[in-house]
Amino acid sequence: MSSFIGDWHALLVLLVAGVLPNQIWRMLGLWFGGGIDEGSELLVWVRAVATAILAGVIAQIVVQPPSALASVPDWLRYGAVVAGFAVFLLSRKSIFAGVIAGEIVLLSGKYWLG
Amino acid sequence: MALPPLDSPQWHHSFRAFLWGARSITATVLTLVLFATYLGIGALAHDSGFSLLWTLVSTAFVWAGPAQIIVITTLGSGATILQSAIAVTVSAIRLFPMVVSVLPMMRTEQTKRRHLILVAHLTAVTLWVECFRFLPQVPRERRIAFIHGLGCGLVCVCLIANTIGYALAANLSQLLGAGILMLTPLAFLFSTARNCRELADVIALVLGLLLFPVASLLNSGVDILVSGVVAGTIAYGVHRARAGA
């Protein structure tokens, strides 16, 4: 059972390093977003910034990949995204088809390279 | 799965709406993607020396894939708590505009701010995308209950995925590990692309992708924020220019 819980200190670290710095943005959104009207111009800007920040998170994982993904060469990661996006468009915007196509390119390329 | 029509008696009870929300996890492919991503996070946590409880607590209380990957990889590789917290908070800035744009879709005259706390907590990219798809089919006064159901259903799926991934970790090859980590950007990209309603959304997505590598040259620690605000503001400017023309 103790291996399930681990040590309590690690949970405290999780609270300070993971939970609070993440949660603060949601609660600020709740605080400021309470009074904004659904059709307002401000919301168009806010949504554009949300989309662009998300695009940045996507680009970061592909351009500066974490752990195991870093073992895949740059061109193969970019190729997988491009191939996946092409299939996504051709399949009339099927997320599933796009993800599967991108993964097939990445995995077969990585397998082939060894 | 089809939701009942807006005037159906199915929507008369909040609890029914909650159950419809929970059942809706079977109506989106993003559930599968989340499952695979959290399988990967479970395996990553195991390999980085964290306990299973720690992993489950992080999923339930952080509830944001990129932030969880960041906290595990940074703490696991010996970064300080402060460095880790800064990296997490930068990646989490996107949650602020997401919450701001989601809440007006479910607010009514009677809604108090405290009724929206759980919705705000559950808001992440999957829920954000699915709100735009599902909520028009849900009566406004039942939307909060519906989202509670959908969000809690997704959290449960991910807790199960974490547990399985944690148990399988020792057998996960580098090939599979790379494949799982690649799921997040692919799924985020296509679900955001499908969610684009207006020209401003398309421009924000494309510019956001292209400007990040430029902004990362600054090495400011808040590169994502810089590229996001610049790209989003340009996209909004185009929207205004077209509206004015």
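Reckoned from all heavy atoms, side chains included, excluding hydrogens, waters and symmetry mates. Convention: sequence-line order gives letters A, B, ...; per-chain numbering from 1.
The part of Leu56(B) that comes within reach of chain A is its side chain, from C-beta onward, which places non-hydrogen atoms under 4.5 angstrom from that chain. Using a 4.5 Å cut-off between heavy atoms, Phe190(B) contacts chain A through both its backbone and its side chain. Looking at Thr28(B), there are no atoms closer than 4.5 Å to chain A (heavy atoms on both sides), in backbone or side chain. Both the backbone and the side chain of Leu183(B) come within contact range of chain A, judged by heavy atoms closer than 4.5 Å. Only the side chain of Leu30(B) comes within contact range of chain A, judged by heavy atoms closer than 4.5 Å. Neither the backbone nor the side chain of Val119(B) has a heavy atom closer than 4.5 Å to any heavy atom of chain A. Using a 4.5 Å cut-off between heavy atoms, Glu198(B) touches chain A through its side chain atoms alone. For Phe88(A), the part sitting under 4.5 Å from any heavy atom of chain B is the side chain, from C-beta outward, and nothing else. Contacts between Leu211(B) and chain A at a heavy-atom distance below 4.5 Å are absent for every atom of the residue. Within the 4.5 angstrom heavy-atom criterion, only side-chain atoms of Leu75(B), from C-beta onward, approach chain A. Both the backbone and the side chain of Trp63(B) come within contact range of chain A, judged by heavy atoms closer than 4.5 Å. Contact of Val71(B) with chain A is made through the side chain alone, with heavy-atom distances under 4.5 Å. Both the backbone and the side chain of Ser58(B) come within contact range of chain A, each with at least one heavy atom under 4.5 Å from a heavy atom of that chain. For a residue to count as touching a neighbouring chain, one of its non-hydrogen atoms must lie under 4.5 Å from one of that chain's; by this rule Ala120(B) touches chain A with backbone and side chain alike. When heavy atoms are compared at a cutoff of 4.5 Å, Gln60(A) approaches chain B by way of both its backbone and its side chain. With a threshold of 4.5 angstrom between heavy atoms, Val62(B) approaches chain A through its backbone and through its side chain. Proximity to chain B involves both the backbone and the side chain of Leu107(A), based on heavy atoms less than 4.5 angstrom apart.
Between Phe50(B) and Leu14(A), the closest side-chain pair of non-hydrogen atoms is not below 4.5 Å.
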